[in-house]
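Written out below as structure tokens is the structure these notes cover.
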Amino acid sequence: ALALLPAACSGNEAGFGLPTEPADETLAAARTDLSGTLHVESDGCFTWQGEDGLHRWVVWPRGAGQDMSDGARVRVGGRLLGEGDEVAGSGTLAEASVLPGWSDENSYFGSFGRFCDADVRGIVVFHEVSLG
């Protein structure tokens, strides 16, 4: 099933790539300690499930990269993270509207986030993340 990930999330030249924390922006939401489970949804989007049971769309820390061998894992700090991994770190839980350019459906976060249902799911922006 992972081989069928759409180009939008698989990180190839036709897709969005991996959503990472905006370099120049500060999100207007508080940081908190986080722990939960990483998921790869049927559309190929990464979500994180915390204690509240919600599957929030993941925006990764700067420097994270997608494992190009299958597209369903993320490399963070030299480690690969994928479906079912327990992860911990610090980050921001928020509505997608805090992302830069969200109001423009043609912007990076506006289009990618809507594809991944961030407007319904909410988001987690990890500032730091590791295996839990």
Side-chain angles (χ1 to χ4, degrees):
L2 295 178
L4 300 175
L5 294 176
C9 293
S10 65
N12 69 24
E13 63 279 354
F16 290 108
L18 191 69
T20 57
E21 190 176 19
D24 313 358
E25 304 285 336
T26 302
L27 299 178
R31 290 185 184 196
T32 188
D33 290 334
L34 303 165
S35 63
T37 306
L38 183 63
H39 294 283
V40 181
E41 301 298 330
S42 62
D43 58 9
C45 297
F46 290 97
T47 63
W48 171 84
Q49 182 180 18
E51 292 178 6
D52 61 8
L54 298 176
H55 285 231
R56 297 173 187 271
W57 184 51
V58 178
V59 177
W60 297 95
R62 290 179 206 117
Q66 197 155 10
D67 177 32
M68 298 311 289
S69 65
D70 68 12
R73 296 186 300 170
V74 175
R75 184 174 301 281
V76 181
R79 302 195 89 150
L80 286 175
L81 305 175
E83 173 62 37
D85 282 341
E86 296 296 319
V87 295
S90 69
T92 300
L93 299 176
E95 297 298 318
S97 61
V98 303
L99 292 170
W102 178 259
S103 61
D104 178 0
E105 292 184 15
N106 295 314
S107 72
Y108 178 77
F109 284 116
S111 59
F112 194 2
R114 283 176 178 81
F115 174 83
C116 292
D117 294 327
D119 49 339
V120 176
R121 298 177 181 279
I123 63 169
V124 57
V125 179
F126 279 110
H127 307 294
E128 299 173 9
V129 64
S130 64
L131 286 171

So Pro19 and Tyr108, do their side chains get closer than 4.5 Å, heavy atoms only? yes
Sorted by chain and number, sequence neighbours left out, side-chain contact (heavy atoms from CB on, under 4.5 Å) with Glu128 holds for Ser90
side-chain contact (heavy atoms from CB on, under 4.5 Å) filter on Arg79, not counting sequence neighbours, yields Leu131
Check: Taking Asp85 for the side chain and Val87 for the main chain, is one N or O donor matched with an acceptor at less than 3.5 Å?
Finding: no
Short question: side chain of Gln49, backbone of Thr37 - any donor-acceptor pair under 3.5 Å? no
Between Arg73 (side chain only) and Gly82 (backbone N and O only), is there a donor and an acceptor less than 3.5 Å apart?
no
Next on the checklist: I want to check something: taking the side chain as every heavy atom from C-beta on, are His39 and Glu83 in contact at a cut-off of under 4.5 Å?
Outcome noted: yes
Cluster question for you: counting only ILVMFWY and a side-chain heavy-atom cut-off of under 4.5 Å, with indirect links fine, are Val125 and Phe115 together? yes
Shortest non-hydrogen pair, Arg121 vs Cys116, comes out as NE-O, 3.2 Å
To the nearest 0.5 Å, atom CZ of Arg56 lies from atom OG1 of Thr47 at 11.0 Å
When rounded to the nearest 0.5 Å, the distance separating NE2 of His127 from CZ of Arg31 is 4.0 Å
One should read off an interatomic distance between Glu105 CD and Ser107 OG, to the nearest 0.5 angstrom, of 9.0 Å
Closest heavy-atom pair, Trp57 versus Leu99, reported as atoms and distance to 0.1 Å, is CZ3-CD1, 3.8 Å
Correct closest heavy-atom pair for Thr20 and Val59 would be C-CG1, 3.4 Å
| message | Is there a side-chain contact between Leu34 and Val129 in this structure, where contact means two heavy atoms from C-beta onward sitting under 4.5 Å apart? | response | no
Interatomic distance, CZ@Phe109 vs OG@Ser103, rounded to 0.5 Å, equals 13.5 Å
Output for pair (Ile123 CD1, Trp102 CH2), nearest 0.5 Å, gives 8.5 Å
Smallest heavy-atom separation, Ala96 atom then Ala118 atom, equals CB-O, 3.6 Å
Checklist entry - In terms of the angle between their ring planes, are Trp60 and Phe46 parallel, tilted or perpendicular, with boundaries placed at 30° and 60°? => result perpendicular
One should read off an interatomic distance between Glu21 CD and Arg62 CZ, to the nearest 0.5 angstrom, of 4.0 Å
